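Comments concern the structure below.
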Amino acid sequence: MNRPKQPIMVTKPFLPQKEIFMKYVDEIWERDWLTNQGPLHHRLEDALKHYLQVENLTLTVNGHLALEIAIRGLGLTGEVITTPFTFASTIHSIAICGLKPVFCDIKPDDLTMDEEQIEKLITEKTSAIMPVHVYGHPCNTERIAQIAQRHGLKVIYDAAHTFGVRKDGKVLAQQGDVSIYSFHATKLFHTIEGGALVYQDSALKQVFDDYKNFGIHDEEHVAYVGGNAKMNEFQAAMGLCNLSHIEELVSQRREITLRYREHLEGVPGLRLFYPDKEPGIAYNYAYMPILIDREAFGLSRDELHAVLKKKDNIVARKYFYPIGTEYDCYRELKDKSRVHVAEAAGRDVLALPIYNGLSLEEVDYICECILAQHR
Ligand code: T4K
């Protein structure tokens, strides 16, 4: 394949058949009901509970506000232990709620929170742990649960990347007190913008539903200081369309991942991840991260990223760089944080293009371009 005229981007949203989406739009027009817990919102909530086999699920307008609602709804205070190797949303959700993010390092093998570092970060102010199943790689949920229980802490999982990931037959989002999904357009399953909270305690349903609607409990009572995080009917319609495709989307991405592995595994200086080879894990193939060792590969991550973009018209992304401790707004937290593995991952990681519709020919081209740089 020759250099493509249009850039190959890191991702592209999946779009369902327009006619099917328009049938839902016709329904919206007939009803004059656009948002505020409409019928499609309820239908999607039920469909997701059924698909995910979970009892408690609350839809939100995006994944970020789901995190904020989880923090507020659980009444967290003081400090929350999280990872710097994530999207800005995770860390900001803590800070924006007036709490202090405390950074825990990650493990080199899967880039999730290093559970062995958590206990030394716990102080009398710690109220929760917020690990991230980054790229859908499952955290060590058993160990984190033990630590949380021993210290009386809540656990909120940022499960934004995990739609479709199961462990021993159960969706990962069933772990912790609360897990949140992102249904952003760039995600495997999307509602244009959107998100959801999944939780164990059914008493939280009312709390979360109130929080997403300005804290309004009913016409006469306002229970909480809440904002607006309601999913509208157009978003729910997109979700209903996309949910019916989920299995085929995962299997197409699996094919893409296997093709990448055929080309790239064993290449000196490149490290790939194999979450699907962990016992009991059904993976979703949402992301295709690789780590580049400059010495062994011959080019740094930044150099490879730049060559692919300029010469080959391939826009891979540095997910997740900069890491949280390097944000201007969290500089003062950096000194105390020992996050060397996260620093190295932030320096070396490159997320390669993966989306439904990326052809195997394009994967071959991307890999040829990468391998052409190997020295
Ligand atoms: N926690 C974690 C761990 C997360 O990763 C995220 C979101 C959240 C929480 C918060 O969830 P949300 O509130 O977003 O639901 C993108 C997504 O916008 C963001 O949702 C996602 N994580 C993050 C990892 O990726 P950017 O800043 O990289 O987006 P952008 O605009 O550069 O788009 C990425 C690529 O997608 C581009 O190359 C072009 C393509 N694209 C994008 C859009 C929106 C399209 O082709 N069409 C489109 O409509 O954050």
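Order of appearance sets the numbers: ligands from 1, and atoms from 1 within every ligand. The model shown is predicted, which means the values in this text are computed figures rather than measured ones.
Within 6.0 Å of CZ in Arg338 there are 12 or fewer heavy atoms belonging to other residues, nucleotides or ligands. Within a 6.0 Å radius of CZ in Arg143, other residues, nucleotides and ligands contribute more than 12 heavy atoms.
Near Ala160, with a cut-off below 4.0 Å to any heavy atom, the atoms of ligand 1 are 1 (N), 2 (C), 3 (C), 4 (C), 9 (C). Close contacts of ligand 1 with Gly194, meaning ligand atoms under 4.0 Å from a residue heavy atom, involve 15 (O). Close approach of ligand 1 to Ser89 is summarised as follows: ligand atoms under 4.0 Å from at least one heavy atom of the residue are 8 (C), 9 (C), 10 (C). Listed by number with element, the atoms of ligand 1 under 4.0 angstrom from any heavy atom of Thr86 are 3 (C). When each atom of ligand 1 is checked for a heavy atom of Met9 under 4.0 Å away, the hits are 38 (O). Listed by atom number, the atoms of ligand 1 under 4.0 Å from His64 heavy atoms are 10 (C), 11 (O), 12 (P), 13 (O).
Using a 4.0 angstrom heavy-atom cutoff, Lys187 counts as in contact with ligand 1.
Under 4.0 Å is where a charged nitrogen must lie from a carboxylate oxygen, and between Asp364 and Arg259 at least one such pair does. Remark: Lys167 engages Glu142 in a salt bridge, criterion side-chain N to carboxylate O under 4.0 Å.
Closest to atom 5 (O) of ligand 1, if we only count protein heavy atoms, is His161 NE2, 2.7 Å. Of all protein heavy atoms, the one lying nearest to atom 44 (C) of ligand 1 is His184 CE1, 3.9 Å.
Between the Asp114 side chain and the Glu116 main chain, a donor and an acceptor come within less than 3.5 Å of each other. Under a 3.5 Å cut-off, the side chain of His151 and the backbone N or O of Ile122 do not form any donor-acceptor pair.
For Asp158, every heavy-atom contact with ligand 1 shorter than 4.0 Å involves the side chain, none the backbone.
For ligand 1, the polar-atom distance check against Gly63 finds a nitrogen or oxygen pair separated by under 3.5 Å. Of the polar atoms of Tyr287, none of the N or O atoms is found under 3.5 Å from an N or O of ligand 1, judged by distance alone. Checked by distance only, ligand 1 and Tyr319 come closer than 3.5 Å through their nitrogen or oxygen atoms.
For the pair Pro4 and Gln6, the minimum side-chain heavy-atom distance is 4.5 Å or more.
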